[in-house]
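Source: prediction; values computed, not measured. Protein chains get the first letters and strands the later ones, always in sequence-line order, with residue 1 at the start of each.
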Protein chains: 2
Amino acid sequence: MRTSPLFTDLYQLTMLCAYIDNGRKERAAFELFVRKLPQNRNYLVYAGLQDVVDFVENLQFSSEDIDYLHSLKLFPDWFLDFLKEFRFTGDIYSMKEGTLFFPHEPVLRVEAPIYEAQLLETAIMNQIHVSSLIATKAARVFSVSRGKLLADFSLRRTHGYDAGMKTARSCYIAGFSATSNVLAGKLLGIPVVGTVAHSFIMSFEKEEEAFRAYLKTFPDNSILLVDTYDTLEGIKKAIEVAKELKAKGFNLKGIRLDSGDIVELSKVARELLDSAGFKEAKIIVSGGLDEYKIDEILRAGAPVDAFGVGTKIGTSADSPYIDFVYKLVELDGKPVMKTSTGKKMYPGRKQVFRKENCDILALNDEKLEGTPLLEPVIRDGRVVRGLPTLNEIREYFVEEFSKFPEELKGIHTSFNYPVLISERLENLYKELREKLLGGKRCQSP
Amino acid sequence: MRTSPLFTDLYQLTMLCAYIDNGRKERAAFELFVRKLPQNRNYLVYAGLQDVVDFVENLQFSSEDIDYLHSLKLFPDWFLDFLKEFRFTGDIYSMKEGTLFFPHEPVLRVEAPIYEAQLLETAIMNQIHVSSLIATKAARVFSVSRGKLLADFSLRRTHGYDAGMKTARSCYIAGFSATSNVLAGKLLGIPVVGTVAHSFIMSFEKEEEAFRAYLKTFPDNSILLVDTYDTLEGIKKAIEVAKELKAKGFNLKGIRLDSGDIVELSKVARELLDSAGFKEAKIIVSGGLDEYKIDEILRAGAPVDAFGVGTKIGTSADSPYIDFVYKLVELDGKPVMKTSTGKKMYPGRKQVFRKENCDILALNDEKLEGTPLLEPVIRDGRVVRGLPTLNEIREYFVEEFSKFPEELKGIHTSFNYPVLISERLENLYKELREKLLGGKRCQSP
C-alpha cells in the first residue's frame, strides 16, 4: 500500500510532536497481537505484511501533507519542518504471512525511537487487520473444502477498493485457487475466473439462445449458468447446447448453480451430465456460501467440483473484526506492560517458538526448542531481504496448516491451541504486575 | 475512486465481449436496490455516489490493462481493440447521498447500451455498498446521540485503506462531527480530532509527568487521557495539572475515558471537575462503543459530552454487509424482471416518491404526489451538474432524518416503513409474473 503518512489517527501526530518536544527519543519496542480470539475462531492467519513493508519504505510527508497540517493551526513550525525530513529508521520483525497465530503471540514488532514506532501504529493495524481477518475466514472455508476448488467471488461486497484487492490476495494465501477480481489478476498474478450473470441469460428471448450466444464467443470457456429460470430445465438445455458444442470440437467445461437446493440439484445435474456423456463437465456452485454451507453441502455428498464464495468471506460476516492491539513492550531497554481492568499483556520483546503440538511464548533472547516465528524484515528502515512471493506464501500456508490438528480446524467447535509461557517470561510478568499493583510505574528495574 | 476498469469481476468482461460479438447493443436499464433490510436495520442511508461518478467519468482501459487481458488468452483481438476506445456513454439517475431508502426502492439506475451498463455493475456495487453500509450504521449512532458530539475513531479496524476513508466520509454524512483520520481531513475537509494514547502516558515515569509533557506542547488542545492506571487517580491528577495550566492562561478542554464503568466514572469526573472550577471541561468517552452502548450510557444520565466511536461502526459489526443487487429492469424499451425462488423484484424503470409518512414506488413516467428521489446525475457519459458538497450532503441527511418517525429510528425494535406500490407498477408486476410462470420470457409484450 502506498499512501500518505496522513493515513493515520491525528493523535499519532500529536504524540510524535509531544515526544520530540519533550526530548523523548528513547528506543522503544511495540508489538502487535490479540488478547483473545474473535467469536467463532480457533486460530488466526497472519497476512498483510507486504503492505506494511510497502508503506514503511515509502513513508514520507509530501509538501501538500505539510501544508494541510499547517492549516490545522495545531502544530508548531519546527515540527512541520521535522516532518519534511521524516523517515522510518527502525527495525521490524514479523511472522511470515500465512502463519497461524494465537492470543498473546506477537505477529509483528517495531523497534525504533519511540515517536517513529508510534507513528506507524494506525497504518500497520489497518493493513494487517483486514488481510488477516479475511485470510482467517478463508482458511476456515479451505479447511472444509476437501480438495474442491475455491474461488473468491466477493468483490461487489467487500468494504471498498482496498478490501477487494486484499480479499483476493488473502483468499489465495489461504488455499483458494482463483478470484473473479480482474485487477487482482493483473496486479497480484492471481488466476481469474468468470462466466456470465443472470442478466445475460435474461437479455435473450430464450435460455438456450443465451447459452449459444455465449458459447459462440467463448467455446473454450464453456461454463453455463443454468438457474435463471427453472434449474432442471436449464441443465437439460445446457446439455442440449453442449452436444452442439461437441460437434464443433469443443467440450462443455461445466455448469454453475447459483440458487436452490444445491445438494439435490447437483446430484441430478451430475446424473444428467454423465448419462449424456459429459463426465468431464464440472459442477460449480455459488450464492451465499460460507464454510458452514460448504461443509453441509459436501457432507451431504453433493458432487460439486468448485465453489465461488462471496459476501460472507469478503466481509468475514460472522466475525467482522479482530481486536488487534499494538502495545509498548519495551522502553530504553526495559520491559514494560499495561494491565488495566482485565486486559492482560506480556511485557518485553518476545519470540514465539513453534513446536509440534504447541507454541511457546518467550522472551526474545531465549533460546528454546522449536521454530522461531518472528524474523527480521526491516533493519534501519530498509528491507532486509526480498519477501516471499504470493505463491510461496500460499504454499507455506497450505503446508503449515496441514500440520495442525483437526480439532483446531473444526468450524463448529471451539478448541484452545496450547500456547505455553516460558518461565522467564512468566516471572517477568509477575514481577512487573506486582510493581504495577503496588501503584508504581509498570517497568522492570 | 479512480481505479482501473479492471476493478471488476471477470464475467463482466466476458459478458461485454459476448454481447458485442452477438450484436447485442440494445439500450438497457439496470437498477440498484435491496430486496430486504439487513438484520438490525429499519432503514438504510444511501452514500457513495461521488465515488461512482468519479469512476464512471474516468473509466478507461490503459494499455497495461489491455496487455494483461491479452495475456489471459481468453479474449479475441477485436475485443481488446474495442476496449481501448471504450467509454461510458449512458445515463445515470440516482438518489442524493444522505437519503434514507427502503427495500425495492432503486437508489441508482444506469441506462446505456446493455454491455456498458453491465460493465459498471461490480464497481458501482462495491462503492455504494461500503459507503451506505457505514452511513447506515453511523445514522443509528447519530439517532441515539441526543446532540452529543460524535467522532469517527475507527481507522485502525476498517477493512483497509478505502474503507477507512469512506468510513470517515459516511460517518460525517450521518451526523458525526469529526474523524481521527488525518487523510480524510486533508482530502475530504472533515474536521480532525485527537489527543494521546495510553502508550504515551506509559512512556513517562509518572502519569502527571505525561500530562505536563503533553500540555507543554499542546496547551491549547488540552484533552487528557485519564484511564491508563487508576481512573479516579487519573482524573485527580488531570485536575491538578489543569490548575497549573490555568495559571499559564490556558483552560483544560477535557478528559477522555477509554475503559471502565463509564456511567459511574463520568459522573464522578463531572463532580470533581466542576468543584475544581473546570465546568467548561468536556468529558469524552471512547472504547468499544456503538449505538447500543451509547444509548445505555446516555439513558443512565452519564454527563458525557462527546463519543469517539471505533471498530463497531467502521465495520458495521452487527450487520457487516447489505445485499444490494443490480438488476436488469428494462431492455430495448420493454420492462423486464426475474423472479427466481422467492427473490421478488419489480420490473421497469422506476421512481420513488417520498411523501410525509410513506414512500410510493412507481414507474418512472408516473406523475405522483411527493418528492421524486431519483434525479439525473450523468447524461451521455457526462456529469449533469456539480454534485453537492460533503457539508451539503450532511445537512441534507440531518434535515431529512429529522422528518422520519421516532419508531423507525429505534435501535432495538423493528419497524416497517410503508413503501406503497403504485397501481400501474403492481399491475405490470402481476402481468409479467403470469407470463413468467407460464414459462415464457419475463418481458412485457
Side-chain angles (χ1 to χ4, degrees), chain A residues 1 3-4 6-11 14-15 17-18 21-22 68 74 114 122 125-126 129-130 155-164 166 180 182-183 186 192-200 202-203 205 213-214 216-218 221 259-260 311 315 317 320-321 328 331 336 338 340-341 441, chain B residues 1 3-4 6-11 14-15 17-18 21-22 68 74 114 122 125-126 129-130 155-164 166 180 182-183 186 192-200 202-203 205 213-214 216-218 221 259-260 311 315 317 320-321 328 331 336 338 340-341 441:
Chain A
M1 181 192 62
T3 177
S4 159
L6 297 192
F7 185 70
T8 191
D9 294 299
L10 182 64
Y11 78 176
T14 52
M15 278 189 279
C17 183
D21 195 29
N22 287 278
Y68 168 69
L74 178 63
I114 187 164
T122 307
M125 291 186 77
N126 177 283
H129 177 261
V130 60
L155 187 56
R156 61 194 58 196
R157 301 265 172 66
T158 60
H159 291 188
Y161 168 85
D162 193 29
K166 292 186 156 92
S180 65
V182 187
L183 193 55
K186 177 186 166 190
V192 290
V193 288
T195 58
V196 300
H198 293 116
S199 59
F200 183 88
M202 283 168 64
S203 80
E205 194 71 38
Y214 178 72
K216 176 194 162 198
T217 312
F218 296 106
N221 188 32
S259 59
T311 304
T315 60
Y321 61 89
L328 182 67
L331 186 63
V336 175
K338 169 178 182 286
S340 69
T341 46
R441 180 193 187 182
Chain B
M1 183 193 60
T3 176
S4 160
L6 298 190
F7 184 71
T8 191
D9 294 300
L10 182 64
Y11 78 176
T14 52
M15 279 188 278
C17 183
D21 196 29
N22 287 278
Y68 168 69
L74 177 63
I114 187 164
T122 308
M125 290 186 76
N126 177 284
H129 177 261
V130 61
L155 188 56
R156 62 193 59 197
R157 301 265 172 66
T158 62
H159 290 188
Y161 168 85
D162 194 29
K166 292 186 156 92
S180 65
V182 188
L183 194 56
K186 177 187 167 190
V192 290
V193 288
T195 56
V196 300
H198 294 115
S199 58
F200 183 88
M202 284 168 63
S203 80
E205 193 70 38
Y214 178 71
K216 176 196 161 197
T217 312
F218 297 107
N221 189 33
S259 60
T311 305
T315 60
Y321 61 88
L328 182 66
L331 186 63
V336 174
K338 169 176 182 286
S340 70
T341 46
R441 180 193 186 184

**When B/Met125, B/Lys216, B/Arg157 are compared by non-hydrogen pairs under 4.5 Å with chain A, the top option** = B/Arg157

**Item:** Heavy-atom pairs under 4.5 Å with chain A, option from B/Thr195, B/Leu74, B/Thr311 with the top count
**Value:**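 Answer, by heavy-atom pair count under 4.5 Å with chain A: B/Thr195.
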
Check whether any side-chain heavy atom of [X] lies under 4.5 Å from a side-chain heavy atom of [Y], and answer yes or no.
X        : Y        : result
A/Tyr214 : B/Asn22  : no
B/Thr158 : A/His159 : no
A/Tyr68  : B/Val182 : yes
A/Tyr321 : B/Pro320 : no

[X] portion near chain B, given a 4.5 angstrom heavy-atom threshold:
X        : result
A/Asn221 : side chain
A/Tyr11  : both
A/Phe200 : both

**Asked** Out of curiosity, B/Leu328 CG to A/Ser203 OG, how far, rounded to the nearest 0.5 Å?
**Response**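 Between atom CG of B/Leu328 and atom OG of A/Ser203 there are 7.0 Å.
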
**Asked** What distance do A/Thr217 atom OG1 and B/Met15 atom CE have between them, rounded to the nearest 0.5 Å?
**Response** 12.5 Å

**Asked** Looking only at heavy atoms, what is the nearest atom pair of B/Arg156 and A/Asp9, with distance?
**Response** NH2-OD2, 3.0 Å

**Asked** Hey, which of A/Gly164, A/Ala197, A/Cys17 has the most heavy atom pairs under 4.5 Å with chain B?
**Response**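 If we count pairs closer than 4.5 Å to chain B, A/Ala197 comes out on top.
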
**Asked** Highest number of heavy-atom pairs under 4.5 Å with chain B: which of A/Thr8, A/Thr122, A/Leu10?
**Response**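 Of A/Thr8, A/Thr122, A/Leu10, A/Leu10 has the most heavy-atom pairs under 4.5 Å with chain B.
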
**Request:** Just say parallel, tilted or perpendicular for the rings of B/Tyr161 and A/Phe7, cut-offs at 30° and 60°.
**Result:**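 Tilted, since the angle between the ring planes falls between 30° and 60°.
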
**Message:** Is B/His129 in contact with chain A via its backbone, its side chain, both, or neither, using a 4.5 Å heavy-atom distance?
**Reply:**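 For B/His129, the contact with chain A is made by the side chain alone.
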
**Request:** Start with the C-alpha distance between B/Leu155 and A/Asn126, add both sets of side-chain angles, then the distance that settles side chain to side chain contact (heavy atoms under 4.5 Å, CB included), and finish with yes or no.
**Result:** CA-CA 7 Å; B/Leu155 188 56; A/Asn126 177 283; 4.2 Å; yes

